[in-house]
Structure formats: structure tokens, C-alpha cells
There are 4 protein chains.
Amino acid sequence: MPIRIAVAGASGYAGGELLRLLLGHPEIEIGALTGASNAGQPLGVLQPHLVPLAERVLVETSLETLRGHDVVFLALPHGQSGELAAQLGDATVVIDCGADFRLADPAVWERFYGGSHAGTWPYGLPELPGQRDALRGANRVAVPGCYPTIATLTLAPAVAAGVVEPDVTVVAASGTSGAGKAAKPHLLGSEVMGNASAYGVGGVHRHTPEITQSLSRLTEDAVRVSFTPLLVPMPRGILATCSARLTADLSADEAYDIYAKAYADEPFVHLLPQGQWPQTKSVTGSNSVHLQVTVDEDARRMVAVGAVDNLSKGTAGAAVQCMNLALGLDEGLGLSTVGVAP
Amino acid sequence: MPIRIAVAGASGYAGGELLRLLLGHPEIEIGALTGASNAGQPLGVLQPHLVPLAERVLVETSLETLRGHDVVFLALPHGQSGELAAQLGDATVVIDCGADFRLADPAVWERFYGGSHAGTWPYGLPELPGQRDALRGANRVAVPGCYPTIATLTLAPAVAAGVVEPDVTVVAASGTSGAGKAAKPHLLGSEVMGNASAYGVGGVHRHTPEITQSLSRLTEDAVRVSFTPLLVPMPRGILATCSARLTADLSADEAYDIYAKAYADEPFVHLLPQGQWPQTKSVTGSNSVHLQVTVDEDARRMVAVGAVDNLSKGTAGAAVQCMNLALGLDEGLGLSTVGVAP
Amino acid sequence: MPIRIAVAGASGYAGGELLRLLLGHPEIEIGALTGASNAGQPLGVLQPHLVPLAERVLVETSLETLRGHDVVFLALPHGQSGELAAQLGDATVVIDCGADFRLADPAVWERFYGGSHAGTWPYGLPELPGQRDALRGANRVAVPGCYPTIATLTLAPAVAAGVVEPDVTVVAASGTSGAGKAAKPHLLGSEVMGNASAYGVGGVHRHTPEITQSLSRLTEDAVRVSFTPLLVPMPRGILATCSARLTADLSADEAYDIYAKAYADEPFVHLLPQGQWPQTKSVTGSNSVHLQVTVDEDARRMVAVGAVDNLSKGTAGAAVQCMNLALGLDEGLGLSTVGVAP
Amino acid sequence: MPIRIAVAGASGYAGGELLRLLLGHPEIEIGALTGASNAGQPLGVLQPHLVPLAERVLVETSLETLRGHDVVFLALPHGQSGELAAQLGDATVVIDCGADFRLADPAVWERFYGGSHAGTWPYGLPELPGQRDALRGANRVAVPGCYPTIATLTLAPAVAAGVVEPDVTVVAASGTSGAGKAAKPHLLGSEVMGNASAYGVGGVHRHTPEITQSLSRLTEDAVRVSFTPLLVPMPRGILATCSARLTADLSADEAYDIYAKAYADEPFVHLLPQGQWPQTKSVTGSNSVHLQVTVDEDARRMVAVGAVDNLSKGTAGAAVQCMNLALGLDEGLGLSTVGVAP
């Protein structure tokens with residue numbers, strides 16, 4: 001019997017990518033698709049690439065439309081998941097693509113998001129040490145933010161190994177879909193094409209504490225994170241350039257070995273051959289993370305670069321991967337390591 | 001037992017897209033991958049998005065490396081397929097993504113391509129009347145050019161129905177991957193970004209006679225085709241704007257009905273709801289063609305617009321679709337109607 | 001004494017381009033800059049590229065803020081220019097970048113724009129026969145639409161010479177800035193990058209009657225225009241592909257000669273050497289129009305292609321050119337034929 | 001009497017931008033334009049945006065073609081400037097846009113470039129302390145690299161003030177024109193559009209020692225520089241994200257004041273209002289540098305971001321600015337602070 005799923009927020013980019021992946025998942029039946037202002041519209045107008053669902057009509061996001069499904073994916077603005085999730089009951093697997101349940105510390109939540117903290121769910125990054133087990137059989141999952149996914153995976157082996165100081169810099173160039181589908185002037189094509197810009201500089205971006213939280217779990221020290229997001233002219237993809245001072249002499253080969261061992265068994269983390277650096281296009285539409293690492297001996301820093309598709313492994317792919325783990329399915333079902341390039 | 005395939009020209013864009021699709025095809029085992037100057041290099045360097053094949057090393061393109069496969073895909077510059085195909089023998093299905101076997105008239109071949117005409121194979125556009133049957137069980141298939149695929153499908157219903165004069169204009173805006181992976185200055189990113197240009201204007205583009213040939217088979221008249229290709233700043237996709245004078249009064253609804261009937265049973269041709277116009281992004285990475293049609297009463301012309309991914313349904317997707325037909329498999333195996341957007 | 005100008009609509013793309021050009025104009029002093037919802041904001045936030053005006057604050061668009069200037073440029077949504085212009089008085093030169101005063105026939109205005117027709121002003125395309133004289137000393141000018149500018153200039157010599165039938169097709173690929181700075185979902189960078197789409201198909205785009213009007217003035221016949229605008233992924237530029245059936249035998253050389261003669265003395269129309277086709281990047285930021293023409297003997301059509309910067313010669317550059325004519329200055333003052341490339 | 005200039009390397013991107021600027025310079029007469037493989041071709045084919053020079057034919061790069069000009073600009077691959085410059089004689093002002101004369105330490109030159117060190121010329125970054133005086137009346141100028149220009153200007157005030165440790169990270173996202181016009185597969189539009197990638201990671205990019213050299217002159221300590229260049233999908237522009245640990249408590253306001261004072265009198269350095277972050281599009285085609293700075297109190301780092309047009313202020317604009325200084329002209333002649341946006 002197929003697994004019946006619902007997607008709350010089906011008209012947005014995360015919702016669209018979830019549906020693209022779920023249409024290729026062999027065990028899934030797509031149930032309710034919900035929207036807010038778009039309820040009543042056919043999906044063919046809102047997501048014309050999802051041809052098999054073109055005639056499906058969005059319904060309101062509510063307990064009534066969402067209950068009765070085996071799995072409910074929430075792709076909603078932050079602050080809207082808590083109440084819905086509470087009502088859905090423990091028999092339903094709820095996978096939240098939003099931020100509501102990612103952070104453990106209510107004070108940090110309030111500082112960065114405002115409002116009261118909804119709680120903390122198992123964090124949907126199975127590639128972190130011990131995290132895969134926490135996700136198996138879970139009925140609630142908080143999918144990581146797109147920047148934290150790639151920043152954490154790019155830095156984790158070095159931080160865990162203690163070869164770098166717990167004081168890291170992350171500069172992450174992102175495509176525009178990470179900013180969502182709401183029409184804002186600075187996200188117009190006329191503005192973003194031919195343009196690179198920085199935003200949320202100085203530690204104020206909401207993904208900063210999430211990166212800090214994940215990296216700090218890997219070491220005894222509190223990790224300090226300097227995070228700068230950039231907007232660059234492409235629809236998808238994040239390229240994260242991460243560096244930190246070495247704690248002791250370390251060769252590029254040794255750094256590479258640490259990464260090779262850390263991710264040897266990870267199906268979706270692909271350490272490139274030494275000397276080949278990641279590019280976002282290679283992971284477009286896939287669940288892959290591409291990584292490379294080296295040591296700058298003059299600067300006495302380790303430098304690692306990671307690429308991810310912010311919508312796929314960065315959001316919807318991770319959500320499907322976590323659903324597979326939660327339901328006891330093969331972790332990679334419906335997911336691909338192969339990007340769409342060029 | 002899996003079907004064993006080889007790809008000649010695996011380092012190019014068509015070869016890469018073939019492999020991307022074949023990696024998702026349930027009946028396929030990927031055999032020899034060949035290249036010319038790239039022989040000896042691992043595919044991971046040349047096509048880093050094809051993670052599962054990263055350690056595969058390209059071999060020379062030759063009879064020795066290609067024979068012994070059930071299916072051989074040729075993704076070679078024109079002029080190189082004829083001799084290879086002759087040597088491969090009838091037991092091997094050969095699917096040529098190049099131009100060598102598309103045209104029926106040797107004089108036309110010589111005028112547009114020069115050199116002697118290699119022959120004519122079944123034309124791999126199953127959506128044309130009668131053509132699907134010609135491809136079932138074929139052991140040789142000539143995959144159509146990318147522009148002819150979309151120009152022909154966008155105009156065929158109207159030409160076949162006789163509602164337009166046999167004198168059509170096609171202006172087709174293409175992404176840059178159609179020009180291949182050979183490094184030429186005018187194809188540099190610095191040149192193509194922020195730039196739209198015309199080339200091959202005035203009927204001199206080599207795809208012109210192929211469009212003429214296909215449309216002329218649908219009507220008693222020789223069809224005149226004015227074809228202008230444009231290069232626009234995107235990696236993939238073709239948007240073809242086609243128009244022709246009406247032969248008699250025709251309403252927009254009547255034109256729409258002609259198209260709806262013509263493609264009612266086609267799994268990969270998607271006529272959008274009236275009023276919604278195609279965009280290339282909706283078909284990126286998919287085997288879908290999106291179409292729309294209307295009538296301009298002031299100008300007394302029918303105007304139809306079609307979108308296709310030049311690499312997928314425009315080349316590699318069509319090749320897989322034809323392979324499926326040739327081998328008696330489900331026509332859509334390994335193919336998707338769902339695009340990767342945004 | 002410098003000429004004191006005001007710009008109504010200084011926060012939009014046309015207004016920004018006007019100011020960019022006027023900052024380089026030797027005879028100009030920039031007076032009031034007005035906005036609607038943006039009144040009260042410094043220009044540095046809205047148009048950060050206009051560094052010398054960064055601290056200028058936008059004021060309300062009103063008779064009070066605009067009067068007292070020698071020249072007032074209106075870069076407003078259509079329908080807002082009529083009343084303002086009437087109040088400004090004949091001593092002020094008013095140059096309207098909007099559509100209100102372009103069309104001569106009130107019935108056509110009402111059909112395409114709705115509402116009542118404001119009137120007809122001298123049409124700001126000095127390259128049309130006789131039009132330069134009409135603009136010299138004018139105190140009211142209607143700047144042409146961006147599509148009509150390039151479609152008309154690309155077709156005018158052939159239509160005027162009678163070598164083509166009065167039945168033309170225009171397919172024009174435009175950058176996104178032509179759609180303005182108002183935030184709409186389909187204009188988001190995530191949507192337009194990697195995407196080509198058609199809109200306003202079938203003669204319904206509001207620029208259609210303007211092209212028809214200008215071409216019909218060049219010949220005894222009413223010209224039929226089939227116009228299809230495309231949106232392609234670049235911020236600026238229009239590439240117009242225009243064609244029409246030949247009325248008699250005409251060689252490519254003869255067609256070229258007709259164009260060469262027609263534009264021999266035009267400072268901003270640049271017919272490329274035969275065989276070289278226009279690209280939009282060559283005209284970015286300039287007042288130049290690049291043209292090329294040929295004959296397709298098989299299709300019996302003339303094909304001409306033109307490139308223009310929709311914001312510069314397509315709007316703001318034309319406005320400055322017309323101001324120069326209106327004031328009796330050198331026509332090219334403050335304008336350049338040199339594009340910003342790559 | 002006009003100043004007669006020659007450009008060696010007129011077919012490349014730096015040469016083209018030089019000519020674009022020089023065409024707008026009131027004191028200049030453009031003399032010889034030279035190329036290597038392109039000698040004999042008209043500039044209209046190679047640089048179609050430079051309309052007034054369309055019929056100029058490139059000549060060979062040699063002493064014969066270059067001598068007899070007041071100023072010679074060299075826009076050549078590194079290694080070619082030394083011999084030419086030696087032959088040109090002291091009466092000719094020679095401005096080298098290449099790397100040959102930028103570095104002071106021959107050992108560093110040999111490590112990063114190989115071959116023998118040609119020498120050291122006055123460094124063409126007048127915004128550095130004392131540097132403007134060194135350029136006034138100079139007859140040899142080494143124009144800085146594009147990355148060093150923006151990295152140095154973005155970090156200089158903080159390094160000079162001693163408020164950060166002499167251990168900085170620079171992640172700079174660049175448009176593709178910085179890589180030049182030579183056709184390489186990874187620079188094809190199909191590859192770079194929709195793609196962000198890192199290259200030259202780990203301190204191996206040749207611009208690293210140039211940044212180190214300039215920053216180290218501002219402080220008593222040798223500065224360590226971790227520099228990572230990124231390629232992002234745009235033709236022009238660099239956005240540099242720079243950070244360093246604070247040496248003591250420093251507020252964002254205090255950091256801003258340091259920058260405001262440092263650049264108060266610089267005509268081409270524009271510190272944005274606090275809270276507004278740079279974007280490359282604002283400086284496209286201009287000689288402006290846009291900067292912003294803040295303090296991340298959690299990470300205990302200062303973060304500064306700078307934007308520059310790599311071809312304009314990053315190369316050709318700096319060359320013109322230095323020529324103006326060398327000749328005793330107004331420093332800003334032929335240059336603009338206004339970008340071409342959107």
C-alpha cells in the first residue's frame with residue numbers, strides 16, 4: 001500500500017521541489033496539496049514543470065486538509081508549523097522544512113526569530129555523527145536550513161578532528177531561490193542578473209546560530225562562526241567557502257584524509273579527487289554534496305569548499321531522505337546523486 | 001538480463017545527458033564510454049555531475065570499443081557516424097544523435113553539410129504521424145536535431161490540417177549548450193551572459209532543410225520555412241515562436257482544438273491550458289514539449305509557441321525514447337515529464 | 001546658464017537611466033526628482049549606482065514639485081501623464097517616456113489601453129523620414145516604446161522601399177527591465193534566469209498598434225504586423241528578428257544597399273558589415289541601434305535583425321536625444337554610440 | 001594638442017574597456033591598436049561595441065607600431081611587458097595592465113609566476129596612503145590586479161588602524177571577464193551560467209602575494225592573507241568579503257568611522273550609508289568602489305565587503321586614472337562614478 005503524503009505550501013519553491021522528487025519516489029501517493037493565497041488555483045499555473053499534477057487544485061492549509069496522511073511535509077514560513085504539528089498527532093510523520101524546530105536553545109530562537117520557541121525536533125542531517133540513528137523511526141523531523149547543511153558538512157570533519165581552531169569563517173554564495181517565491185524588488189531578475197551582493201552580514205542571518213549549534217556539538221569548545229551569505233545570479237545552488245586557523249601543522253594530504261574517512265560511507269557526500277574543486281552546477285537537482293579541502297601553509301589555515309543544491313539536498317531532498325529514514329525505507333529512495341548539467 | 005549500451009562521445013553535452021538519463025533507466029547497464037581527445041581521462045573530471053560514473057575512464061572511439069553492446073549511441077560531430085555504423089552490424093541497435101542520417105535528399109545534404117550523403121535512417125520523432133510504428137523494432141535511428149524537434153512539433157498540427165499556408169516563419173531562441181562544448185570565443189560566458197544574438201540567418205542554418213523535410217511530409221505542398229536561430233543567455237532550452245498566414249478564417253479556439261486532438265495521446269507533448277504560454281524552464285531536464293497556439297486576427301496569422309530542452313527531448317531524451325521503441329520497451333522508461341525548476 | 005530638468009518617476013528603471021545619462025550631459029542641472037510610494041527616500045537607496053545623487057531625496061510627483069523646470073521628463077505608468085502635462089504650460093518642454101501620447105487614433109488607444117485618449121504628441125523617433133524636423137523646437141514629445149523603436153527601425157527601409165509585402169512578422173527577445181521595477185512573481189530572478197518565455201502573443205501586446213502606426217506611415221498600404229515579444233534572461237536589451245515576403249526578386253546585396261542608404265546619415269543607427277549579425281550586448285548602455293539584413297531565397301523573405309538597449313535608445317536615450325532636438329542642442333549631447341561590453 | 005595613446009592588446013577585454021573609456025576622454029587621440037593573432041582584423045569584428053573604432057585595423061604588437069605615442073597602454077599576457085617597456089624609452093608613459101611590474105620581491109615573483117622578475121614600477125592604486133604622490137608625473141605605472149584592488153581597499157583602513165589582527169580572509173566572487181577572452185572549456189557560457197565555483201584555493205592564486213604586499217605596507221606586521229577566488233555567473237564585477245579578528249573591542253560604529261575617515265577625500269571610493277551593503281551591479285562600467293563594514297560581536301571579527309568592476313576600476317579605469325595622474329591632468333578625466341544598472 002503506497003505511503004500517502006501531503007505537502008503544505010505546495011506553491012513555493014521548497015514545495016515544488018518536494019513534489020518533483022516525490023513524483024519519482026516509488027512508494028508514494030501524493031495526497032493533499034495546500035496553499036495560502038493560492039488555494040483554489042490549479043498547480044499547473046503555479047508550478048508548470050510538474051506536468052502530472054497540472055490539474056490538481058490547491059486547498060487551504062488546515063488540520064482538515066492535512067490529516068489522514070501518513071506523512072505531512074510542511075513548507076511554510078517560520079512560525080506556522082508548531083500549532084499544526086501539535087494537532088496532527090503522533091501517528092503522522094511530520095517533516096518540517098521550516099526553521100521552527102531546528103534550534104535547541106529558546107533564548108537563541110527568540111533572539112534570531114522573535115516569538116516563542118516551538119520546540120526542538122530531531123535534526124534532519126543524517127550525515128552528522130549519530131544523527132542517522134536519531135532519525136530512524138522518528139515521527140518528527142526538522143529539516144536543516146540550506147546554508148547550515150552545506151556549512152556544517154563542509155566543516156564538520158575538521159572541527160570534529162580538532163585540527164582547526166573553533167573559530168571558523170563561512171562565506172556562502174547562494175542562488176536566488178533560497179529567498180523564496182515572494183515577489184520583492186531586490187529579487188527581480190533585472191536586479192539579480194549581472195549582480196553579486198552580500199546581505200545579513202555580521203552574524204545577523206538567522207542561519208548563523210544553526211551552524212554554530214551543529215558545529216559546537218562536534219567539539220568540546222563553543223565554536224565561533226563568522227557567516228556571510230552572498231546572493232549570486234543563479235536560480236539554485238550554494239557554494240560555501242569555509243576556513244579556519246590550524247591548531248597544529250597539517251598537510252593538505254592529511255586534511256584530505258580526514259575528510260575521506262569522515263564521509264567514506266555517506267551515499268550523498270562526494271569528496272572530489274584532490275585538486276578538483278566543487279561547483280554548484282554538478283549538484284543541481286541532486287541530493288549530492290560535493291566537497292574539497294586543502295591547507296594554505298602561508299596563511300596557516302585549512303580551506304574547505306562545499307556545493308549543494310539549496311532546494312534539493314538543501315531542503316526537499318533532505319526532507320525525502322529523512323522521510324525514508326523515518327519510515328524505515330531505503331535512505332536513497334526517490335533521490336539521485338546525479339546532477340542536471342550543464 | 002540488462003541491456004548493455006555504449007556511448008560514443010561521452011565527454012560532450014549530448015553524451016553527458018544520455019548518461020544522466022541512462023543512469024536512471026531500470027533496464028540498462030552502461031558499457032563503453034568513448035571520447036576523442038579525452039580518451040584516457042576519468043569521466044569525473046569531464047562530467048562531474050555524473051557521480052556514479054566518476055571513476056570510469058574514457059576509451060577511444062573505435063569499432064573495437066563499441067562492438068559487443070546491444071545498443072550504441074553515437075554523439076559525434078557530423079560525418080563520423082556513417083563508417084562506424086556500417087561496421088557495427090545489424091544485431092546492434094545504433095542510435096545516432098548526429099545529423100548524418102536525418103535527411104532523405106542527398107543533394108540537400110551536400111548543399112548544407114558538404115561531403116557525400118551517408119544515407120537515411122528512420123527519423124526519431126515518434127510524435128509525427130505514422131512515425132512511431134517506423135521506430136518500433138528499428139535497428140537504426142536518426143535522432144532529430146534540437147531545432148527541428150521543436151519547430152516541427154509546434155507547427156505540425158496546423159500544417160497537417162491545412163489551416164495555414166505552407167510558408168512558415170520560425171524564430172527559435174536557444175540556450176548555449178546546443179552549440180556544444182568545444183571552446184569558441186563567442187560562446188564564452190563573458191560573451192553570452194547579458195546578450196541575445198542571431199546567427200545562421202537567412203535560411204543557412206543546417207537545421208533548416210530538416211524542418212522543411214518534416215513539415216513537407218504532412219501536406220501536399222512543399223513547405224517554405226524561414227528559420228532564424230537566436231542565442232540567448234541560458235545553458236539549456238529552446239523556445240520556438242512559429243507563425244503562418246491562415247488559409248481561411250480560424251478562431252483561436254478552433255486552432256487550439258486542432259492541437260489538442262493532434263497530441264491527445266502523446267505522453268510527452270503537453271498543450272498548456274489556453275492563455276498560458278510555454279517557458280523553457282518548465283521542461284528543463286525533462287522529455288516534455290510544452291505548446292500553446294492562438295490566432296492573431298489583425299495579422300491573419302496563426303501563432304504557436306513551443307518549448308523543449310535541447311539536450312533532453314531535443315537530443316538525449318529522444319534517443320532514449322527511440323531506444324525504448326526499438327527494443328520494444330515501454331516508450332517512457334527512464335524518461336520524465338517533470339522539469340527541474342526554478 | 002544650465003538647463004534645469006526634473007524627472008517624474010526617478011525611482012524606476014527608465015528614471016534611473018535618464019539620470020545616468022543626464023549626469024553626463026554638459027548642459028544640464030538636475031532639479032526635482034519625484035516618486036510615488038518612494039517619496040521621502042534618498043536616491044542612494046533606490047538607485048545605488050547613481051553615486052552623485054545618493055543624498056537627493058525623492059519628492060511627491062505633483063505640479064508643485066515639477067513646475068519651474070525648463071524640461072520635465074515623465075517616466076510614469078501610462079495614464080498619468082495627460083493631466084500633469086496640461087498643467088505644466090507651454091514654456092516647459094515635456095518629454096513623456098510613457099505611452100499616453102504615442103498613438104494617433106483614439107479608438108486604437110481605447111482598444112489597447114482602455115480609458116480615454118490623452119492626445120497625440122510629436123513621435124520621438126528622429127530616424128523616421130521627416131520626423132527630425134517635427135522634433136526640432138517641439139515642446140512636447142512622446143518617446144516611442146522600446147519594442148516599436150527597434151521593430152520600426154529594423155523594418156522601415158524595406159517597407160518604405162516597397163520591396164516587402166506590407167505583412168511583417170516581428171519576434172523580439174527582450175531583457176527583463178522592460179517590464180519595470182514593480183515586483184511580480186514571474187519577474188523574479190529565480191523565474192527568469194535559465195528561462196525563455198513568450199507573452200502577449202497573438203497581437204495583444206500594447207506595442208503592436210504603435211509598430212503598425214509607424215510602418216503604415218511609410219507606405220500606401222496598411223501594414224499588418226504579427227508581433228511576439230519574448231522574455232529572455234538578461235537585464236537589458238532587445239533583439240528583434242523581423243521578416244516579410246519579398247514583393248519581387250531582391251538579392252541580399254540589394255537589400256543591404258537599401259538599408260545602407262536609408263541610414264547613411266544617422267548618427268545612432270549602425271548597419272554592421274555584411275555577414276555580421278547584431279547582438280544586444282554591443283549596444284548596452286549606448287544610444288546605438290545595430291542592424292543587419294539579408295534575403296532568404298528559399299523562403300522568399302527578407303530577414304532583418306536589430307538590437308537596441310531598451311532602457312537607453314529604447315527609452316531614456318531617445319528622451320535625451322529628443323530633448324536635445326527640442327532645445328536646439330547638438331542631437332548627440334550626453335549620448336554615446338559605445339556600448340558597455342562584455 | 002591631444003595626447004596620443006596606443007593600446008597593445010586591443011582585442012582583449014582589458015583593451016576593449018580601455019578604448020571604451022578613452023573614447024570618452026576629452027584630451028585623448030587614439031593611435032595604434034595592436035593585437036597578436038588578431039592583427040589585420042578590423043576592430044568592429046572583435047569589439048563590436050566600439051562603434052567609432054569599427055573600421056580601425058589591428059596591427060602587430062611591436063616597438064615599431066607602439067613608439068611615437070605619448071602614452072602606451074599594455075594589456076598583454078604577463079611576461080610580455082618587460083622587453084617592450086625597456087625599448088619604449090623614458091619619454092613615453094607606459095602603463096602596464098599586466099602583472100610584470102607589480103611585485104617588489106623577485107623571489108615572490110618567481111614562486112608565483114615563474115621566469116625572471118622584470119622589475120617594480122609605481123603601483124597604480126592612488127587610494128593607498130602616499131601612493132597618489134608616487135604616481136604624479138610617473139612615466140611607468142603598474143596597474144594593480146583586479147582582486148588586489150578590491151581586497152586591498154576593503155581591508156586597508158582596518159589594517160592600517162591596527163584594529164584587526166594581521167591575519168585576514170578574503171573570499172572574492174568574480175565575474176568571468178577576469179579570466180580573459182581566450183576560449184577555455186570551463187569558461188563557456190554553458191558551464192558558467194547557473195554555476196558558482198571556487199578555483200586557485202589555498203593561497204595559490206597569483207593575486208595572493210600582491211594583496212599581501214599591499215596590506216603589509218600598512219602595518220608593522222607581515223599580514224597573512226587567506227584568499228579564495230570564486231567564479232560566479234556574471235560577465236563583470238567582483239564582490240570581496242573580507243574579515244579578520246578584532247585586536248580589541250570595537251563597535252560597528254567605530255569601524256564605520258575608521259573607514260569614513262580613511263576615504264573621506266577619495267573621489268572613487270564610496271562608503272555606503274550604514275546598513276546598506278555593496279552590490280557589483282552598482283559599479284558596472286564605473287570607476288567606483290563601493291564599501292561597507294561592520295563588526296560581528298559573537299564571532300569577534302570585523303567584516304567588510306567591497307564591490308568593484310574588475311574591468312573598469314579593477315583594470316582599465318585604474319589605468320586611465322593613473323595616466324591622468326602621470327600626465328598632470330584632472331585625476332577623474334574620462335572616468336565616471338556612475339554605474340550602468342540594472
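Throughout, a chain's letter reflects where its sequence line sits, starting with A, and its residues are numbered from 1. Just the heavy atoms: all of them, side chains too, but no hydrogens, waters or symmetry mates, feed the values below.
Chain C forms the most heavy-atom pairs under 4.5 Å with one residue out of D/Pro48, D/Pro235, D/Gly16, and that residue is D/Pro48. Among C/Val45, C/Leu23, C/Thr284, the residue with the largest count of heavy-atom pairs under 4.5 Å with chain D is C/Val45. Counting heavy-atom pairs closer than 4.5 Å to chain D, the top residue among C/Ser312, C/Ser282, C/Gly175, C/Gly285 is C/Ser282.
The pair C/Lys184-C/Glu191 does not count as a salt bridge, with every side-chain nitrogen at least 4.0 angstrom from each carboxylate oxygen.
For C/Gln47 (side chain) and C/Ala10 (main-chain N/O), a donor-acceptor pair under 3.5 Å exists by modelled atom type. Between the side chain of C/Gln321 and the backbone N or O of C/Leu125, no donor-acceptor pair lies under 3.5 Å. Within the 3.5 Å criterion, the main-chain N or O of C/Ala341 finds a donor-acceptor partner in the side chain of D/Arg236. The backbone N or O of C/Glu331 lies less than 3.5 Å from a partner atom in the side chain of C/Asn324, making a donor-acceptor pair. In terms of modelled atom types and a separation under 3.5 Å, the side chain of C/Tyr263 and the main chain of C/Leu153 share a donor-acceptor contact.
At a 4.5 Å heavy-atom cutoff, the contact between D/Glu17 and chain C is made by side-chain atoms alone. Heavy atoms closer than 4.5 Å to chain D are found in the side chain of C/Gln279, but not in its backbone. At a 4.5 Å heavy-atom cutoff, C/Val283 makes no contact with chain D through either its backbone or its side chain. Contact annotation for D/Leu311: only side-chain heavy atoms (C-beta onward) come within less than 4.5 Å of a heavy atom of chain C. Contact of C/Ser286 with chain D is not made at all, since no heavy-atom distance falls under 4.5 Å.
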